[in-house]
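Beneath this line is the structure, given in structure tokens, with notes to follow.
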Amino acid sequence: MPAFLLLCALLLCNNIMVAAQKKTQKFSDEEEESLAQIRTPQTLSRGWGDDIEWVQTYEEGLARSKHSMKPLMVIHHLEECPYSQALRKAFASSPDIQQMAQEDFIMLNLVHSSSDDNMAPDGHYVPRILFVDPSMTVRADLTGKYGNRMYTYEPDDISTCE
């Protein structure tokens with residue numbers, strides 16, 4: 001008799017586990033649909049704009065740029081750098097820049113240096129913004145106004161871009 005009770009208990013537990021798995025799976029499917037409808041902020045933004053779709057790597061950015069025929073904007077920065085922080089604040093608070101970044105560019109921000117030497121044509125300083133066209137050419141003709149650091153931008157420079 002105890003073996004029969006043990007078998008019944010095991011079958012009951014098994015049925016409960018199967019039902020729970022089915023319910024969990026159903027919840028996951030519903031959750032996926034609702035997540036697809038609601039856009040969650042990108043953690044890759046690092047404060048540069050949560051509504052912008054950011055790529056994770058330089059290689060992904062190049063591939064998306066080539067596929068979409070949009071240029072890639074690469075922002076090199078450091079979290080603790082006061083110049084990077086000031087530029088990030090100005091970039092994130094400008095509706096025009098945010099819209100341009102969302103619509104006209106593939107966006108990447110890096111807190112580490114890229115392995116591609118083309119991404120540091122005049123040094124590894126921060127902040128540094130480079131543009132890569134869909135043919136995968138770094139645009140050396142698109143520079144800031146500072147002769148000693150050609151690809152740097154300051155918060156006041158944002159008003160010239162809007």
Side-chain angles (χ1 to χ4, degrees), residues 21 24-162:
Q21 286 176 342
T24 301
Q25 182 62 42
K26 183 177 180 184
F27 178 74
S28 295
D29 291 342
E30 290 172 359
E31 185 177 61
E32 283 182 35
E33 288 177 3
S34 68
L35 288 176
Q37 294 173 356
I38 300 171
R39 183 170 175 178
T40 56
Q42 300 262 338
T43 58
L44 295 174
S45 75
R46 297 180 181 97
W48 290 85
D50 288 338
D51 291 332
I52 297 170
E53 183 178 346
W54 297 91
V55 295
Q56 191 165 0
T57 65
Y58 180 55
E59 292 74 18
E60 179 187 357
L62 291 174
R64 286 199 186 184
S65 174
K66 186 174 182 179
H67 178 74
S68 69
M69 297 306 293
K70 290 181 179 180
L72 170 64
M73 181 190 298
V74 183
I75 304 170
H76 297 267
H77 63 99
L78 292 174
E79 294 293 330
E80 67 277 0
C81 170
Y83 301 105
S84 295
Q85 292 171 358
L87 184 61
R88 178 178 56 220
K89 183 178 178 183
F91 189 98
S93 65
S94 169
D96 292 335
I97 294 294
Q98 291 292 297
Q99 182 178 359
M100 189 185 321
Q102 289 173 32
E103 296 174 0
D104 301 329
F105 292 96
I106 303 300
M107 298 295 297
L108 170 64
N109 70 61
L110 296 174
V111 290
H112 55 82
S113 188
S114 169
S115 60
D116 187 342
D117 289 337
N118 292 319
M119 296 308 294
D122 67 337
H124 289 273
Y125 54 87
V126 292
R128 181 172 82 251
I129 300 176
L130 292 139
F131 299 91
V132 183
D133 68 27
S135 70
M136 298 187 192
T137 303
V138 175
R139 296 289 305 267
D141 59 325
L142 298 176
T143 61
K145 60 183 180 182
Y146 308 99
N148 61 339
R149 294 183 178 207
M150 295 175 16
Y151 301 96
T152 197
Y153 296 87
E154 293 185 358
D156 292 340
D157 299 333
I158 290 201
S159 62
T160 63
C161 298
E162 296 177 327

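Any value given below was found using the heavy atoms of this structure, including those in side chains, with hydrogens, waters and symmetry copies removed.
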K66 NZ to L72 CG distance, which is reported to the nearest 0.5 Å = 14.0 Å
Distance-minimising heavy-atom pair for A90 and P155 = CB-CB, 3.7 Å
inquiry  = Tell me the closest heavy-atom pair linking Y153 and P127, and the distance in Å.
reply    = O-CG, 4.0 Å
inquiry  = Tell me the closest heavy-atom pair linking V55 and I106, and the distance in Å.
reply    = CG1-CG2, 3.7 Å
key: Y83/T152 under side chain to side chain contact (heavy atoms under 4.5 Å, CB included): CA gap, chis, key distance, verdict   = CA-CA 10 Å; Y83 301 105; T152 197; over 6 Å; no
inquiry  = Can you tell me how far apart NE2 (H76) and CE (M119) are? Round to the nearest 0.5 Å.
reply    = 4.0 Å
query = Say you draw a straight line from CZ of R149 to CG of D122; how long is it, rounded to the nearest 0.5 Å?
reply = 8.5 Å
query = Atom NE2 of H77 and atom CZ of F91: how far apart are they, to the nearest 0.5 Å?
reply = 10.0 Å
inquiry  = Looking at every heavy atom in both Q98 and A92, which two are closest together, and how far apart are they?
reply    = NE2-CA, 3.4 Å
key: Exercise: identify the closest heavy-atom pair between R88 and G47   = CG-O, 3.4 Å
key: CE on M107 to CH2 on W54, rounded to 0.5 Å   = 3.5 Å
ask   = Between CG of L78 and CG of L110, what distance do you get to the nearest 0.5 Å?
value = 10.5 Å
query = Above 12 or not: heavy atoms from other molecules or residues under 6.0 Å from CD of Q56?
reply = no
task = Using modelled atom types only, decide if a donor and an acceptor are shared between the side chain of K70 and the backbone of R64 within a distance under 3.5 Å.
result = no
Closest non-hydrogen atom pair, A140 against T143 = O-CG2, 3.3 Å
message = Would R128 and Y125 count as a cation-pi pair here, with the cationic atom under 6.0 angstrom from the ring centre and within 45° of the axis?
response = yes
Within-4.5 Å side-chain heavy-atom neighbours: W48 and L87 = yes
